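Shown next, in structure tokens, is the structure this report addresses.
Predicted, not measured: the structure shown is a model, and the values here were computed from it.
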Amino acid sequence: QVQLVESGGGLVQPGGSLRLSCAVSVSMYSFSAMGWYRQAPGKEREPVATGVFDTNYQDSGKPRFTISWDSAKNTMALQINSLTPEDTAVYCCWGRQNAEEFWGQGTQVAIPS
């Protein structure tokens with residue numbers, strides 16, 4: 001059974017950095033793509049960064065966001081730098097196996113203005 005569990009969210013001051021982690025219950029090789037999405041209050045969910053495990057491929061339209069994987073721990077991380085209040089959102093990890101998509105419950109990130 002596929003489970004994605006996020007951790008690492010919290011309250012961070014503007015300009016700070018944060019590292020989110022996603023624990024994955026199955027082999028990350030089983031996913032054709034993985035990544036992170038976020039949903040800010042009153043807004044639609046949007047992709048933050050996506051990529052493919054065990055490759056150098058990453059697709060992030062936001063240079064402040066970087067995905068990494070730890071094969072030993074079977075986790076995926078999202079590094080966010082230079083945080084602004086506009087980054088306040090619930091961040092979810094995501095994975096796709098063939099035509100099926102899986103989502104974590106999300107972790108809240110709050111940046112005060």
Could you go through the ring pair (Phe, Tyr, Trp, His ring centres under 6.0 Å) check for Tyr37 and Tyr91 one step at a time? CA-CA 6 Å; Tyr37 283 68; Tyr91 286 73; over 10 Å; no
Test side chain to side chain contact (heavy atoms under 4.5 Å, CB included) applied to Phe53 and Ser71, step by step: CA-CA 9 Å; Phe53 172 63; Ser71 57; 3.8 Å; yes
Criterion side chain to side chain contact (heavy atoms under 4.5 Å, CB included) on Asp54 and Tyr29, from CA distance to verdict: CA-CA 8 Å; Asp54 206 30; Tyr29 284 108; 3.0 Å; yes
After noting the C-alpha distance and the side-chain angles of Asp70 and Thr75, does the key distance pass the side-chain hydrogen bond (donor to acceptor under 3.5 Å, both in side chains) rule? CA-CA 5 Å; Asp70 187 328; Thr75 58; 4.7 Å; no
Please determine whether side chain to side chain contact (heavy atoms under 4.5 Å, CB included) holds for the pair Trp94 and Thr50, giving the CA-CA distance in whole Å, both sets of side-chain angles, and the decisive distance to 0.1 Å. CA-CA 9 Å; Trp94 163 86; Thr50 59; 4.0 Å; yes
Kindly determine whether Met34 and Cys93 satisfy side chain to side chain contact (heavy atoms under 4.5 Å, CB included), including the steps that lead there. CA-CA 8 Å; Met34 301 183 74; Cys93 58; over 6 Å; no
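When hydrophobic clusters are built by joining Ile, Leu, Val, Met, Phe, Trp and Tyr residues whose side-chain heavy atoms come closer than 4.5 Å, directly or via intermediates, Trp36 is grouped together with Val2. Hydrophobic clustering (side-chain heavy atoms under 4.5 Å, transitive across Ile, Leu, Val, Met, Phe, Trp, Tyr) keeps Val52 apart from Phe65. Hydrophobic cluster membership is shared by Met28 and Val48, with clusters built from Ile, Leu, Val, Met, Phe, Trp and Tyr side chains linked at under 4.5 angstrom. Val90 and Leu78 fall into different hydrophobic clusters, where Ile, Leu, Val, Met, Phe, Trp and Tyr side chains are chained together by heavy-atom contacts under 4.5 Å.
Between Gln97 and Ser30, the side chains place a donor N or O and an acceptor N or O closer than 3.5 Å (distance only, hydrogens not considered). Side chains of Arg38 and Thr107: a donor-acceptor N/O pair is absent below 3.5 angstrom, by distance only.
At least one donor-acceptor pair under 3.5 Å links the side chain of Ser32 to the backbone N or O of Arg96. When atom types are taken as modelled, the side chain of Ser25 and the backbone of Gln3 share a donor-acceptor pair closer than 3.5 angstrom. Listed for the Asn74 side chain is a donor-acceptor partner under 3.5 Å among the backbone atoms of Val26. The backbone N or O of Ala89 sits less than 3.5 Å from a side-chain atom of Gln108, completing a donor-acceptor pair. Between the Ser7 side chain and the Leu20 main chain, no donor and acceptor come within less than 3.5 Å of each other. Of the possible donor and acceptor atoms, none in the side chain of Arg45 sits under 3.5 Å from a partner among the backbone N and O of Gln39. Looking only at distances, no side-chain donor or acceptor of Gln105 sits under 3.5 Å from a matching main-chain atom of Glu6.
The CD1 atom of Ile111 lies 4.0 Å from the CG atom of Leu83; values are rounded to the nearest 0.5 Å.
Using a 4.5 Å heavy-atom cutoff, the side chains of Met76 and Ser68 are not in contact. Looking at Leu18 and Val109, their side chains come closer than 4.5 Å, going by heavy atoms from C-beta outward.
Considering only residues two or more places apart in sequence or on other chains, Phe31 meets the ring pair (Phe, Tyr, Trp, His ring centres under 6.0 Å) condition with none of them. In this view, Pro63 satisfies the side chain to side chain contact (heavy atoms under 4.5 Å, CB included) rule with no residue, not counting sequence neighbours.
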